[in-house]
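Data first, discussion second: the structure below is written as structure tokens.
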Amino acid sequence: MATTNEYIEYVCEQIKGIGEIRYKKMFGEFMVYVNDKPVIIVCNNISFVKKLECIEEIMQDAEIGYPYKGAKEHYVLDIDNQEFCKTVVTEIEKVTPVPKPKKKSKK
């Protein structure tokens, strides 16, 4: 089951106000960015965040899952808890670098 447009819009609404939020369709699912930094992977209407040291304590009771086949273990983010989501995403955004632009290959 692919992520619905309604769900990805809901995810973005839940973290509204913590920075510039956008999403991009990737690998058939979505990546949510805050201030151009990738912070939430959304697959099959489930929100995942990387297992990072900065959120280890606050996510200690979170479910663990795999957003896609071959992925590393991620935390499942309780997207319905808006204040909690904002706290988690704010911490992730602080330590996540802006991805470097990809170089265009010369043909």
Side-chain angles (χ1 to χ4, degrees):
M1 173 180 110
T3 298
T4 63
N5 287 335
E6 292 81 12
Y7 185 79
I8 193 67
E9 291 290 336
Y10 177 67
V11 169
C12 293
E13 187 65 31
Q14 289 296 90
I15 60 170
K16 189 173 159 182
I18 62 170
E20 182 183 325
I21 298 164
R22 68 180 175 89
Y23 62 87
K24 182 177 181 181
K25 194 160 186 123
M26 299 178 76
F27 51 83
E29 291 289 351
F30 293 92
M31 177 67 73
V32 177
Y33 295 81
V34 175
N35 301 325
D36 290 325
K37 299 174 182 182
V39 294
I40 303 174
I41 298 173
V42 182
C43 299
N44 298 318
N45 283 351
I46 301 171
S47 300
F48 296 91
V49 292
K50 269 187 178 179
K51 289 181 83 176
L52 299 171
E53 193 175 315
C54 65
I55 59 170
E56 197 173 279
E57 192 173 315
I58 57 177
M59 294 295 286
Q60 66 186 357
D61 295 330
E63 284 185 55
I64 304 295
Y66 298 88
Y68 52 91
K69 188 175 179 173
K72 292 182 180 178
E73 216 175 50
H74 283 62
Y75 292 119
V76 175
L77 184 61
D78 178 6
I79 203 66
D80 295 324
N81 185 339
Q82 187 175 39
E83 288 309 310
F84 181 73
C85 288
K86 287 182 176 185
T87 300
V88 170
V89 171
T90 298
E91 291 303 311
I92 294 171
E93 191 272 339
K94 288 178 188 175
V95 301
T96 303
V98 173
K100 294 179 181 175
K102 295 196 178 183
K103 294 180 181 178
K104 302 214 176 192
S105 61
K106 295 179 183 177
K107 292 184 180 182

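Computed from heavy atoms alone, side chains included, the values below leave out hydrogens, waters and symmetry copies.
- Both I46 and Y33 are part of a single hydrophobic cluster, where members link through side-chain heavy atoms under 4.5 Å apart.
- Between the side chain of D78 and the backbone N or O of A62, no donor-acceptor pair lies under 3.5 Å.
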Exercise for review: Starting from the C-alpha separation in whole Å, work towards a yes-or-no answer on side-chain contact (heavy atoms from CB on, under 4.5 Å) for F48 and L77.
Suggested key: CA-CA 6 Å; F48 296 91; L77 184 61; over 6 Å; no

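- Residues in residues 64-102 take part in these ring pair (Phe, Tyr, Trp, His ring centres under 6.0 Å) pairs, two or more places apart or across chains: F27-Y68.
- Residues satisfying the side-chain contact (heavy atoms from CB on, under 4.5 Å) test with T90, not counting sequence neighbours, are I18, K94.
- Legend: salt bridge (charged side-chain N to carboxylate O under 4.0 Å, His left out) pairs involving residues 30-52, not counting sequence neighbours, sorted by first then second residue: R22-D36, K37-E93, K51-E73.
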Check your understanding: Given the rule in the side-chain contact (heavy atoms from CB on, under 4.5 Å) test, do F30 and N5 qualify, once you have shown the distances and angles that lead to the verdict?
Key -> CA-CA 10 Å; F30 293 92; N5 287 335; 4.1 Å; yes

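- Residues V49 and L52 share a hydrophobic cluster, clusters being chains of Ile/Leu/Val/Met/Phe/Trp/Tyr side chains in contact below 4.5 Å.
- Neither V76 nor V32 shares a network with the other; the hydrophobic side chains, linked directly or stepwise wherever heavy atoms of I, L, V, M, F, W or Y lie under 4.5 Å apart, form separate groups for each.
- Transitive grouping of hydrophobic side chains (ILVMFWY, heavy atoms separated by less than 4.5 Å) brings I64 and I40 into a common cluster.
- Side-chain contact between T96 and P38: present, with at least one pair of heavy atoms (C-beta onward) separated by less than 4.5 Å.
- Heavy atoms only, all atoms of each residue included: V88 and M59 are closest at CG2-SD, 3.7 Å.
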Atom pairs and distances, donor-acceptor, side-chain atoms in residues 8-15, under 3.5 Å, two or more places apart:
from : atom 1 : to  : atom 2 : distance (Å)
E9   : OE2    : Y23 : OH     : 2.6
Y10  : OH     : D80 : OD1    : 2.7
Q14  : NE2    : I79 : O      : 2.8

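- Annotation: side chain to side chain donor-acceptor pair (under 3.5 Å) contacts involving residues 55-64, sequence neighbours excluded, are absent.
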Exercise for review: Decide side-chain contact (heavy atoms from CB on, under 4.5 Å) for E29 and I41; before the verdict, give the C-alpha distance in whole Å, the side-chain angles of both, and the deciding distance to 0.1 Å.
Suggested key: CA-CA 8 Å; E29 291 289 351; I41 298 173; 5.9 Å; no

